[in-house]
Amino acid sequence: MTNYKEQLLKKIANKEAIVGIVGLGYVGLPLAEAFCEAGLRVIGMDISEEKVAMLRSGKSYVEDVPSNVIARLVSSGKLRATTQYADLAEADAICICVPTPLQKNRDPDISYAQQAGQGVAPFARGKLISLESTIYPGGTEASLFPYLLKNLTVGEDLFVAFSPERIDPGRTDYTVRTTPKVVGGATPNCLEVSMALYGTIVDNPVPVSSLEAAELVKLLENIFRMINIGLVNEMALMCNRLGVNVWEVIDAAATKPYGFMKFTPGPGIGGHCIPIDPHYLSWTMRGLDYTPRFIELATDINTHMPEHVVTKVADALNEDAKALNGSNILILGIAYKPGISDVRESPALHIIDLLREKKANVSYHDPYAASLQVDDDVLTSATLDAKTVAAADCVVIVTNHKEYDWAFVGKHARVVVDTRNAMKAVTDARVIGI
Ligand code: SAJ
């Protein structure tokens, strides 16, 4: 009877383990780099021929992993890229880092994880399979077990873990190694093996007692953010009615050195995590006949912030006896947060749609996003000069990239709707806050 656990632990300890990674995106590629830098060989698999070709030619497409690093790892043979699941057969451990989006009806879409499970199932015996993609409690089992456990006993013949990714694109103060990583195993043996594997790349792997606990940790982290952003967005709505500056209130509250964590209001929530992850738990709990009210309430507040912004624009135009219909509106920043180009779920998209529905002439500028598909139109980032700013009946700051010169905007804009308090230091401009 082969003791696969001891075999794996020995290979990991001797840095002889080969790590397979399914999904070479903003999570999988940094993970591949981390395992290579830890002295393990990596076989990276992605369904994208283009991504694999770029990696093979020593080029990166992930901002946090420079091309020179990819070139070095590929030329040294530490990193091999492939589009074939079969090439993962020689791996000892396989980390699955594929998308887990929502379907149109906001139910979880675990099809990518299922495809990964199906892809590695033929050669799963003796391996550790670890899912890193955010999923609902029970999702690791639901997406992988039907394919992996056909004739294998988990914890003996193969090992299954869930270890939520904590990759934060653009962040430099924490790395893969210095960010504690939660690890949950399907069995104690699975936990032991996965802790050993992640211990090669992370200073502080954090064990929890089950797959479900690990799945819920990730959801709690991001639901915590979503709900607190919803709280300050509602605070902004209340301060509007009270005639109080919400930014002053939050900044002053943030002087409390304990028991408070600062969040800031904005035009809504974008990205591939915060607006998406909470719905995994909502979906699960609805199946258990329980409504998670905090998630529902915060989602309602956050998803209505774009409408609130458009009302602010209408109010600004109204002061000049103008209608939204026919007015020129310039949006500054369409990425979902400063310093990146990602527009997924960005509130800017919802604001642009709403303004176009009201027949406003909408243009945008974003130093990171050169073009944007809106319905059948392709908008391109405007030239940000005095003429362009002055030509707008209203400028709307949606994403406060650090590249902007807010004094310049204030000098030339007729009126600014500022959803990020970006103009706080500009005194001689007409500014309407969130
Ligand atoms: N937002 C606000 N107010 C806030 C914070 C964020 O309106 O106080 C908005 C942002 O503008 C953005 C959205 O929420 O549209 C999400 O922002 P985020 O700062 O949460 O950034 P994300 O979506 O990139 O979240 C990621 C997450 N990282 C992982 O899942 C590994 C999250 O857990 C991190 O806490 C976050 O990065 C981070 O701190 O940068």
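Whatever order the structure lists ligands and atoms in, that order sets their numbers, starting from 1.
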message = Using 30° and 60° as the class boundaries, would you call the ring planes of F224 and F263 parallel, tilted or perpendicular?
response = perpendicular
message = Which residues pass the salt bridge (charged side-chain N to carboxylate O under 4.0 Å, His left out) test with D428, not counting sequence neighbours?
response = none
Give me the residue, atom name and distance of the protein heavy atom closest to [atom].
atom: atom 33 (O) of ligand 1; value: N222 OD1, 2.6 Å
atom: atom 21 (O) of ligand 1; value: K337 NZ, 3.3 Å
atom: atom 10 (C) of ligand 1; value: Y336 O, 3.8 Å
atom: atom 13 (C) of ligand 1; value: G270 O, 3.4 Å

message = Checking side-chain polar atoms at under 3.5 Å, does Y26 have a donor or acceptor matched by the opposite partner on E165?
response = yes
Verdict with supporting geometry, S111 and D109, side chain to side chain donor-acceptor pair (under 3.5 Å) = CA-CA 6 Å; S111 60; D109 174 1; 2.6 Å; yes
key: Nearest atoms (heavy-atom pairs only) where S371 meets V378   = CB-CG1, 4.1 Å
Do the non-hydrogen side-chain atoms of [X] and [Y] ever get within less than 4.5 Å of each other?
X: D320; Y: C394; result: no
X: S133; Y: Y112; result: no
X: I340; Y: Y368; result: no

Closest by any non-hydrogen atom to [atom]: pick that one out of [options].
atom: atom 18 (P) of ligand 1; options: R225, E165, K262, E221; result: R225
atom: atom 30 (O) of ligand 1; options: R166, R171, K218; result: K218
atom: atom 26 (C) of ligand 1; options: D277, D168, I229; result: D168

Using a 4.0 Å heavy-atom threshold (strictly under), name the region of [X] that reaches ligand 1: side chain, backbone, both or neither.
X: I167; result: backbone
X: T264; result: both
X: M226; result: neither

ask   = Which of the atoms in ligand 1, numbered in the order shown and given with their element, are less than 4.0 Å from a heavy-atom of C273?
value = 30 (O)
message = Below 3.5 Å, N or O to N or O, backbone or side chain included: is there any such pair between R420 and ligand 1?
response = yes
query = Does P347, backbone or side chain, put an N or O under 3.5 Å from an N or O of ligand 1?
reply = no
The single option from R166, K218, K181 passing salt bridge (charged side-chain N to carboxylate O under 4.0 Å, His left out) against E132 = K181
